[in-house]
Amino acid sequence: MIPDDVIRERVERLRQVVRYHSYRYHVLDDPEISDAEYDALMVELKELEAAHPELVTPDSPTQRVGAEPLPEFEKVQHRRPLLSLDNAFDGEEVRAWEKRVLRLLGNGAGVNYTVEPKIDGLAVSLRYENGLLVQGATRGNGFVGEDVTQNLRTIIAIPLRIPVVGDESPPRYLEARGEVYMPRDRFDQMNQRREAEEKRPFANPRNAAAGSVRQLDPSITATRPLSVFMYAVGEVEGASLATQCDALSFLRRMGFPTAANIARCDTLDEVLDLYGQWMAQRDDLNYDADGVVIKVDSLEQQDLLGEVSHAPRWAIAFKFPAHEGITRLVRIGVNVGRTGSLNPYAELEPMVVGGVTIRHATLHNEADIHRKDIREGDTVIVKRAGDVIPQVVAPLTELRSGQEEVFEMMKTCPACGEQVVKPEDEVMYYCINASCPAQLVGRVGHFASRGAMDIEGFGERLAQAFVENGLLVDVVDFYYLRRDDLLSLEGFADQSADNLLAAIEASKNRPLWRLITGLGIRGVGGVVAQLLTRHFASMDELMGASQEGLEEIEGLGPHTAQSVVDFFSQGRNRRLIEKLRRADVRMTRLAEEEAREEGPLTGQTFVITGTLPTMSQEVAAEYIEAQGGRVTSSVSRNTSYLLSGERPGGAKVERAKELGVPIIGEDDLRRLVDGA
DNA sequence: GATCCTCGAGTTCG
DNA sequence: CTCGAGGATC
């Protein structure tokens, strides 16, 4: 039998160790042990507590989970109100605010400012007595909030007991204020898991955080990856603080997480400069920030300035331009692509996001629409993925009137009216009418596009017009167009006709892989086409290839091989090739297509992101390939370098950091080539 | 059979 | 950028 005091000591020791590692992980972001090791410590502690319930104390790390559900939240009267902030949307408004501050403080007053990120989460107030968390509340209306103590106790970043560090002991009383939020990476993971479990994903981290804190059952909150940033001391007894900076460093010493990179400024110009820096890096942060909060640093000056009814005069929120917004989804439309796929898109009530008016957003496919439960008439959250492509994130189901319509894919093609087909085990619906006008437009557009035959000046609009007027029925018709045909089109004059004819003429001598790409064989894009020209010297050789011969090529599987064989087995396609040949379109590969160049970058794989100083992404890719390197589109373990320029894509940079892939600039690339 | 990596295809706005 | 899906690999 083990003596009680040995167990008691072991339990205490375990608690200390668990608290310490939890602090390293959640507050310092710098864990010393693995998650599994941490879990093992936790398991031992739980087992000992289960065997000796008399040793369980309310501040034990195990007590973060599993409290009984509350029937409803108690109301909490805040001892000092949690006010909201006035907003500024441009520098002028911030300057006006400063002018008022200086006027109220009187001439000659020296004022410093702090600049902090404005975290988009849920504001909370935490009360500690002699270092123990006694109450946690939501902001509510600012005067009365909800008692969510049991839920906040499950958030590991919130100390249940303020640690004693060095010789500084916890204050007798502390009311600390902060923002509960969900880290973006954890939010993404959680949503992926929810989707796997066929639960509805959360629209954004803010909603997820707010919803999780206001759960009636704390054991649900405990499963949500929440964290907190503290940003102010509401009241304190037993410590003296002179400035906001003091308050923040005090909070850090007391074991609370605060946002990184909070700075103090002497002038408003510095403040505005910092605002710009925060805005530039807002997408790289692991939390959502919708602006910065500017505060007068001196607490004495804060008192002098006081507050108006709803907001303090000593602080202002300088908001970022939003790149997420709410609007109405008026209708779900369907486009037909060159492959015949029916592609649904959202028609939105126009709305400005990130300085651009959004009217449409792709919806990918029917399954995706149903998974997200998006209905016609819904109010939806729209954001710009990677700051560019509009995306419908989720509907706000609370705002439904009941009039919303569940989307169902049509049975006939919206372009030609023919029957629509959905292959078994595929997500997309297809129009299989080979002469469907929408497909025709797509096909000729694809043939002329930059990735294929690169016919300059011939874009989607012309494709539409040429097909409508019967000038193009097939891609081969490009090479039989007459000048008179072009002039018959509205808006086509001598010059533009000559330019287009010259561009078409120039396209006759493109590398073979471009022609193969342009044919639009299913599953064959630029990369696969180049793979093919490495094994076949001419169109004739490719047409003569057997299924088995194709499958032997590394990188080609049965599916793609089948697709190629099918294409060339159709008489219509063989006739198309003959007509192209008669029009003098190149049918044999160029010398440079025979083998990949050997060079200093042989064996290296690059991914490109952002705007490079002197070359476009395309030119950079050609350069890398000419030196023997490979360029792919997504960062993986196989990536040697991420070549990054101005305004890089956040996802690629993040993934590169995660995998330890070196991030280089254009000059580094040149050094790699010259040095090796 | 599962998992990771790549490619293809469609996409918005100015 | 995003998703689906083919291909390679263990």
Side-chain angles (χ1 to χ4, degrees), chain A residues 188 192 195-196 283 323 333-348 350-369 371-372 382-393 422-430 438-439 441-443 445-446 449 451-452 459-461 513 516-532 550-564 605-610 617 630-640 647-655 659 661:
Chain A
D188 292 339
Q192 276 172 22
E195 280 184 37
D283 292 324
H323 39 195
V334 175
N335 280 325
V336 181
R338 74 178 163 87
T339 60
S341 64
L342 268 55
N343 311 312
Y345 64 92
E347 285 177 18
L348 304 167
M351 168 201 47
V352 177
V353 180
V356 194
T357 307
I358 308 286
R359 292 184 180 81
H360 304 282
T362 177
L363 291 172
H364 301 296
N365 56 59
E366 189 190 45
D368 201 41
I369 295 171
R371 187 165 49 234
K372 291 182 177 151
V382 173
K383 77 166 183 188
R384 299 217 295 151
D387 242 358
V388 189
I389 313 284
Q391 190 188 9
V392 176
V393 180
K422 177 171 172 290
E424 199 77 20
D425 339 309
E426 267 197 57
V427 181
M428 304 301 288
Y429 288 75
Y430 292 92
Q439 291 185 52
V441 171
R443 279 211 297 273
H446 172 68
S449 71
E460 201 188 320
R461 283 185 63 147
W513 70 264
I516 295 171
T517 305
L519 294 176
I521 304 169
R522 272 259 240 162
V524 180
V527 174
V528 174
Q530 287 179 66
L531 193 61
L532 288 170
L550 287 163
E551 276 188 49
E552 269 171 38
I553 297 174
E554 176 146 336
L556 273 194
H559 204 272
T560 316
Q562 179 78 59
S563 170
V564 173
T605 304
F606 294 77
V607 173
I608 309 175
T609 183
Q617 288 201 6
R630 252 163 58 81
V631 178
T632 62
S633 55
S634 62
V635 178
S636 72
R637 262 180 277 277
N638 301 337
T639 308
S640 319
R647 295 170 47 81
K652 284 178 185 168
V653 173
E654 207 165 292
R655 184 127 175 83
L659 296 174
V661 171

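Any value given below was found using the heavy atoms of this structure, including those in side chains, with hydrogens, waters and symmetry copies removed.
For the OP1/OP2 pair of B:dT12 and a distance below 4.0 Å, the side-chain nitrogens and oxygens of A:Arg359 include no atom meeting the criterion. Contact annotation: A:Ser341 side-chain N/O to B:dA9 OP1/OP2 distance is not under 4.0 Å. Dashed line: the shortest gap from a side-chain N or O of A:Arg522 to OP1 or OP2 of B:dG8 is not under 4.0 Å. A sub-4.0 Å separation between OP1 or OP2 of B:dC5 and a side-chain N or O of A:Arg630 is absent. Side-chain nitrogen and oxygen atoms of A:Thr632 include none within less than 4.0 Å of the OP1 or OP2 phosphate oxygen of B:dC7.
Comparing B:dG8, C:dG4, B:dG10 against the side chain of A:Asn365 picks out C:dG4 as the nearest. You'll find that the side chain of A:Thr357 is closest to B:dG14, out of C:dC3, B:dG14, C:dG7. With B:dG10, C:dC1, B:dC13 as the choices, the nucleotide that has an atom nearest any side-chain atom of A:Ile389 turns out to be C:dC1. Looking at the side chain of A:Ser636, the nearest of the listed nucleotides C:dG4, B:dC5, B:dA9 is B:dC5. For A:Ile358, the listed nucleotide lying nearest its side chain is B:dC13; candidates were B:dC13, C:dC3, B:dC7. For A:Arg637, the side-chain atoms get nearest to B:dC4 when compared with the rest of B:dA9, C:dA5, B:dC4. Which of C:dT2, B:dT6, B:dG8 sits closest to the side chain of A:Val527 comes down to B:dG8. Closest approach to the A:Thr339 side chain among B:dC13, B:dA9, B:dT6 is made by B:dA9 (side chain taken as heavy atoms from C-beta onward). When distances are taken from the side chain of A:Arg371 to each of B:dC7, C:dC3, B:dG10, the shortest belongs to C:dC3. Each of C:dG6, C:dA8, B:dC13 was ranked by its minimum atom distance to the side chain of A:Glu554; first place goes to C:dA8.
Residues A:Phe606 and A:Ser640 are not in side-chain contact: their nearest non-hydrogen atoms beyond the backbone lie 4.5 Å or more apart. Residues A:Ile553 and A:Leu531 are in side-chain contact: their nearest non-hydrogen atoms beyond the backbone lie under 4.5 Å apart. Side-chain contact between A:Gln391 and A:Thr362: absent, with no pair of heavy atoms (C-beta onward) separated by less than 4.5 Å.
The two residues A:Ala346 and A:Val392 make their nearest non-hydrogen contact at CB-CG2, 4.1 Å.
A residue-by-residue look at A:Glu551 and A:Glu426 shows that A:Glu426 has its nearest nucleotide of DNA chain C further toward the 5' end.
Across all strands, A:Asn335 comes closer than 4.0 Å only to sugar-phosphate atoms, never to a base (heavy-atom distances). Looking at heavy-atom distances under 4.0 Å, A:Ser634 makes contact with a base.
The CD atom of A:Gln530 sits 10.0 Å away from atom CD1 of A:Ile516, with the distance rounded to the nearest 0.5 Å.
The distance from atom NE2 of A:His364 to atom C1' of C:dC1 is 8 Å, rounded to the nearest whole Å. Whole-Å rounding puts the A:Leu348 CG to B:dC13 P distance at 9 Å. Atom CH2 in A:Trp513 sits about 13 Å away from atom P in B:dC7, given to the nearest Å. Here the P atom of nucleotide B:dG10 and the CD atom of A:Glu460 are 11 Å apart, to the nearest Å. Nucleotide B:dC13 holds its C1' atom 10 Å from the NE2 atom of A:His360, rounded to whole Å. One atom, CG of A:Leu532, and another, P of B:dC7, lie 13 Å apart when rounded to the nearest Å. One interatomic measurement links the two molecules: OH of A:Tyr345 to P of C:dC1, which rounds to 25 Å at whole-angstrom precision. Rounded to whole Å, atom P of C:dC10 lies 11 Å from atom CG of A:Asn638.
The cationic group of A:Arg359 does not satisfy the cation-pi geometry with A:Tyr345, failing either the under 6.0 Å distance to the six-membered ring centre or the 45° limit from the ring axis.
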